[in-house]
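Just so it is clear, the model here is predicted, and its values are computed rather than measured. The figures that follow rest on heavy atoms only: side chains count, while hydrogens, waters and symmetry mates do not. Each chain gets a letter, A, B and so on, in the order the sequences are listed, and its residues count up from 1.
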Amino acid sequence: MSYPFAAIEKKWQERWEKNQTFKTGDDFSKPKYYVLDMFPYPSGAGLHVGHPEGYTATDIIARKRRMQGFNVLHPMGWDAFGLPAERYAMQTGIHPKVTTQQNIDNFRRQLKALGFSYDWSREVNTTDPGYYKYTQWIFLQLFNSWYDTAQKKARPISELPIPSELTGDAQKKAREDFIAGKRLAYIANMPVNWCAELGTVLANEEVEEWVGKGYTVERKPMRQWMLRITAYAERLLTDLQHVDWPTGTLELQKNWIGQSTGCTIKFGVAGTPQHQILVFTTRPDTLYGVTFMVLAPEHPLVDILTPASHKATVDEYRKATALKTEMSRQLDAAKKEKTGVLIGAYAIHPLTQEKIPLYIADYVLMGYGTGAIMAVPAHDERDFAFAEQFDIAIRQVVAPAPPSPSGREDGGEGLFAGDGTAINSPIIDGLKTAAAKEKMIAHLEKENLGERRVQYKLRDWLFSRQRYWGEPVPVSFDAEGFMVAEDNLPLMLPESDNFQPSLSGESALANIPSWVNFERDGKKYRRETNTMPQWAGSSWYYLRFADPQNKDRFASAEKEKYWLGDGVDLYVGGAEHAVLHLLYARFWHKVLYDLGYVTSVEPFKKLVHQGIILGEDGSKMSKSRGNVINPDTVVAEYGADTFRLYEMFMGPLEQMKPWQSKSIEGVYRFLARVYRLFVNSEGKLNDKLLAAPKDEKAVLKILHQTIKKVGDDIETLSLNTAISQMMIFVNEAYRVESIGRDAATKFIQLLSPFAPHLCEEIWQAMGNQESIAYTPWPKYDAQYLVESSFEAVIQINGKIRARTELAIGISDADFESAARGVEAVAQALAAKSVKKVIVVKNKMINFVVA
RNA sequence: GCCGAAGUGGUGAAAUGGUAGACACGCCGCACUCAAAAUGCGGUGGGGGCAACCCCAUGUCGGUUCAAGUCCGACCUUCGGUACCA
């Protein structure tokens, strides 16, 4: 038999909306709990079954916290700028605003149909000018700040010390350039992934996607806005100690930031004493092993140092490198094939004064370290491969010690990349690697030949896109080319019906002269035509939820402090955002922290990733495989409560797991069983519940076990086992003749965060006027959990040989004699000598026999 | 290659170093029914035994321990991330 879920769910969704049941007040006297979902990009495909997985988990937490008396902030919004809507607009001419709004309406409808207890009055939308006003405002905070490396924090650009030689009107250009070079948001000519067909720059992680779809992507230097996230590398790394995140995600972030410690070393150039080549190395102890050096092809010294005799080959190699796609470059890397050419100049070894040949090769990247390396083929895998290919001398300066028996450190003949003992190195001979590094750095620093340095892999954030559908960058340029920040925010995205990028590689905004060019106070200006990447809006939305209607500030100081004083309490979302979104948001948060706008060091205290839900065939859900499950269909067939409960019952939240249509039946049956337990065939409350329990002790025991288990499991998000326990309770309730009002009441409260519609209905049927949502969360009474006896397990040499019922609290001696009294045990022990007896109190005993 | 997560019945999965497989699906049986569905009750890791019971079993191989799915080491497989970062 079914239960009338459709009517029940409609009724309660309407009632919650009408009564504003989940509107969050700003009662600052109550303890707060901020539980946040990663807001979705509202795609045309509608909600995917993966979305409600995390959303249901957070909803359960939110509902439990309300019942525990917390003031709960549980909001939802839309990360609505995005390329799909713009591309659709290019094809159809329909404005992205229109499709975005349709998609949002559809998503909202779908989410409401699942009964999530969001405070919809706080809904945010990144494409709303009232929202992106503050995205732009934060951008300007970055633009108007510089990073003080002494104080290790961002400071207003007005506090930037200007060198005395740059003062005065005559120096305005030089001064402005100097300031521009210090800003946290700055313009640079950067090699980017340019896609001519899309007319835009792609992020590295987007390249593969579009190349896969048949688009051409090339590396091309272009004028780009950059955000100086590298200034925060150290803090982004060390502050990870303050957060409660999955270890895997912490590792990903650490790897992405990529800290390595070492030193820089200055090499002279033969014949031109005015030039020096600076390298970064983590292995200064191998300095005596240098047999060649490599500069990145784009290294500025290449032009200066290359003699005419080598110009042709060098230029040819540089050109080839620029055209090389990421793909073929990676392929070379995988094959360990190295390319490069001699530039015909020589460096001078800082200690031995030896002449060292200089190469350019694309395995050295301009973007990391100093763009130049000292190559030690004996102790570096890449240098080794290069030396073998180009037949360069290999000089051993580290002896493996002790010789590694596995040979794992030994990457091949003559290559040893591990730690050992320095040899053939006069200054440091005989020292272990760690000590050798230290002594070498000390020596280089003393001789002014180099200095200690911490290097990060992290690059600055490429922040501009040549797109229409994004936040305009609120900066203009006057007739002389000086930058002026827009002080009248929001800088509105202009209306347009042409979404094609301009041919110059600028965004579609460049096609709207009336917007681009403007006059103010008699001066002419040209606007920046780049827009911000999709990451922008999602880097601070969690702040806006604290005070979404505020027109004067991204959030009032008071509300920011109350809701975010110690960060978001629980943040749930996909692991695909483990690096970029979380890193960008942390970066912005830290800038705002430095400038005094937010009060917590880290934005997200606890983070959990929900696992991917696979199709029934165990592969990833996709249209082409035809294994996509639509939430609407499931809700229509079984109802929202079943859908929620099923997704939570599938398995551990963080685990990847396949959808099983069959299993939904079981969860549905459970809810129908609950309904029938409370409501009889005439639609009246079942007598079984009201009658005093016949076996009160048994009912109370299972009830309090359930209260404890469900409460504890929600805290650890072990929602699958919480549901199991409630199933056990219901199975027991069917077995006994009567369970009583109290147990019935508490059980329905326990279930309510999971299946809120059904529980509200039953709650009302039980005669309650108020919503169940704010009733106090049941507490368990430990006295009902106490057992009087236990089934003692008797082991002999660790194997179970017998079981017997014994009283709780039995002494070890009594336990042993009772166990020996069991016939099977007595027989087994008869001919043996007992060497040892281990008793685990109230559980088991193990006889160790010879 | 490197980093991370995970391998348990026919299936999804449980299990503070202490009774492996809770709960659920599926399957089998019984009740209700003219019958079926629905529902309720019971059984269900594999092998052996009439039975009480016995043996085997948590990817593989070792180790620690009175006791290992759980801890340690090596390996295999799958998934996710990353990729010449000096």
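With a glycosidic angle more than 90° from 0, G46(B) adopts the anti conformation.
Residues that satisfy the side chain to side chain donor-acceptor pair (under 3.5 Å) test with T230(A), not counting sequence neighbours, are D460(A). Judged as a ring-ring contact (aromatic ring centres under 6.0 Å, His included), and not counting sequence neighbours, the contacts of H577(A) are H581(A). Every residue two or more places apart in sequence or in another chain was checked for a side chain to side chain donor-acceptor pair (under 3.5 Å) with Q241(A), and none qualifies. For Y638(A), the side-chain contact (heavy atoms from CB on, under 4.5 Å) partners at least two apart in sequence or on another chain are V634(A), T642(A), I664(A), E665(A), Y668(A). Every residue two or more places apart in sequence or in another chain was checked for a side chain to side chain donor-acceptor pair (under 3.5 Å) with E654(A), and none qualifies. Scanning for side chain to side chain donor-acceptor pair (under 3.5 Å) contacts around T433(A) gives an empty result, with sequence neighbours left out.
The distance from atom CG of L582(A) to atom P of G81(B) is 15 Å, rounded to the nearest whole Å. Distance, Q610(A) CD to A5(B) C1': 16 Å, rounded to whole Å. Atom-to-atom, CG of L415(A) to C1' of A86(B) comes out at 14 Å; the value is rounded to the nearest Å. For the pair L250(A) CG and G4(B) P, the computed distance is 12 Å after rounding to whole Å. Look at CG on N686(A): it is 13 Å from P on G40(B), rounded to the nearest Å. Look at CH2 on W256(A): it is 17 Å from P on G80(B), rounded to the nearest Å. Remark: C1' of C66(B) and NZ of K836(A) are 6 Å apart, rounded to the nearest angstrom. Here G1(B) presents its C1' atom at 14 Å from CG of N255(A), a figure rounded to the nearest Å.
Between F390(A) and F386(A), the angle of the ring planes stays under 30°, which puts this pair in the parallel group of the 30/60° scheme.
Nucleotides A6(B) and A86(B) place their P atoms 28 Å apart, quoted to the nearest Å.
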For residues 789-798 of chain A, which side-chain donor-acceptor pairs fall under 3.5 Å, sequence neighbours excluded?
from: S789(A); atom 1: OG; to: E805(A); atom 2: OE2; distance (Å): 2.9
from: N797(A); atom 1: OD1; to: V849(A); atom 2: N; distance (Å): 3.0

Please list, one pair per line, the donor and acceptor atoms closer than 3.5 Å that link side chains of residues 276-285 of chain A to other protein atoms, with sequence neighbours excluded.
from: T281(A); atom 1: OG1; to: R283(A); atom 2: N; distance (Å): 2.8
from: R283(A); atom 1: NE; to: D285(A); atom 2: OD1; distance (Å): 3.0
from: R283(A); atom 1: NE; to: D285(A); atom 2: OD2; distance (Å): 3.4
from: R283(A); atom 1: NH1; to: A417(A); atom 2: O; distance (Å): 3.3
from: R283(A); atom 1: NH2; to: D285(A); atom 2: OD2; distance (Å): 3.0

_Wobble G-U and Watson-Crick pairs count when both distances are under 3.5 Å; given that, what is the 5' to 3' dot-bracket string of RNA chain B, with | for pairing to other strands?_
(((((((..(((.....[....)))((((((.......))))))((((....))))..(((((..]....))))))))))))....
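Neither OP1 nor OP2 of C53(B) sits under 4.0 Å from any side-chain N or O of R801(A). For the pair R669(A) and G26(B), the criterion of a side-chain N or O lying under 4.0 Å from OP1 or OP2 is met. For the OP1/OP2 pair of A86(B) and a distance below 4.0 Å, the side-chain nitrogens and oxygens of T370(A) include no atom meeting the criterion.
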Would you tabulate the nitrogen or oxygen pairs shorter than 3.5 Å linking the protein to nucleotides 41-49 of chain B?
from: C41(B); atom 1: OP2; to: R673(A); atom 2: NH1; distance (Å): 3.4

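Summarising the local packing, NZ of K620(A) is surrounded by 12 or fewer heavy atoms from other residues, nucleotides or ligands at distances under 6.0 Å.
Comparing A5(B), A86(B), G81(B) by their closest approach to the side chain of T247(A) singles out A5(B). Ranking C84(B), A5(B), C25(B) by closeness to the K662(A) side chain, first place goes to C25(B). The side chain of R676(A) has U39(B) as its nearest neighbour among C66(B), A86(B), U39(B). For V848(A), taking side-chain heavy atoms from C-beta onward, the closest of the listed nucleotides A22(B), C25(B), C66(B) is C66(B).
Residues in residues 717-738 of chain A take part in these ring pair (Phe, Tyr, Trp, His ring centres under 6.0 Å) pairs, two or more places apart or across chains: F729(A)-F747(A).
Annotation: of the two residues near RNA chain B, V667(A) and L458(A), the 5′-most nearest-nucleotide partner is V667(A). Nearest-nucleotide positions on RNA chain B place F847(A) closer to the 5' end than the other of F847(A) and G371(A).
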_Walk along nucleotides 8-19 of chain B from 5' to 3' and tag each nucleotide B, S or - by protein heavy-atom contact under 4.0 Å, base first, then sugar-phosphate._
---SBSS-B-BB
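When heavy atoms are screened at a 4.0 angstrom cut-off, K254(A) is found touching no nucleic acid atom at all.
Closest approach of R820(A) to V834(A), counting heavy atoms only: NH2-CG2, 3.8 Å.
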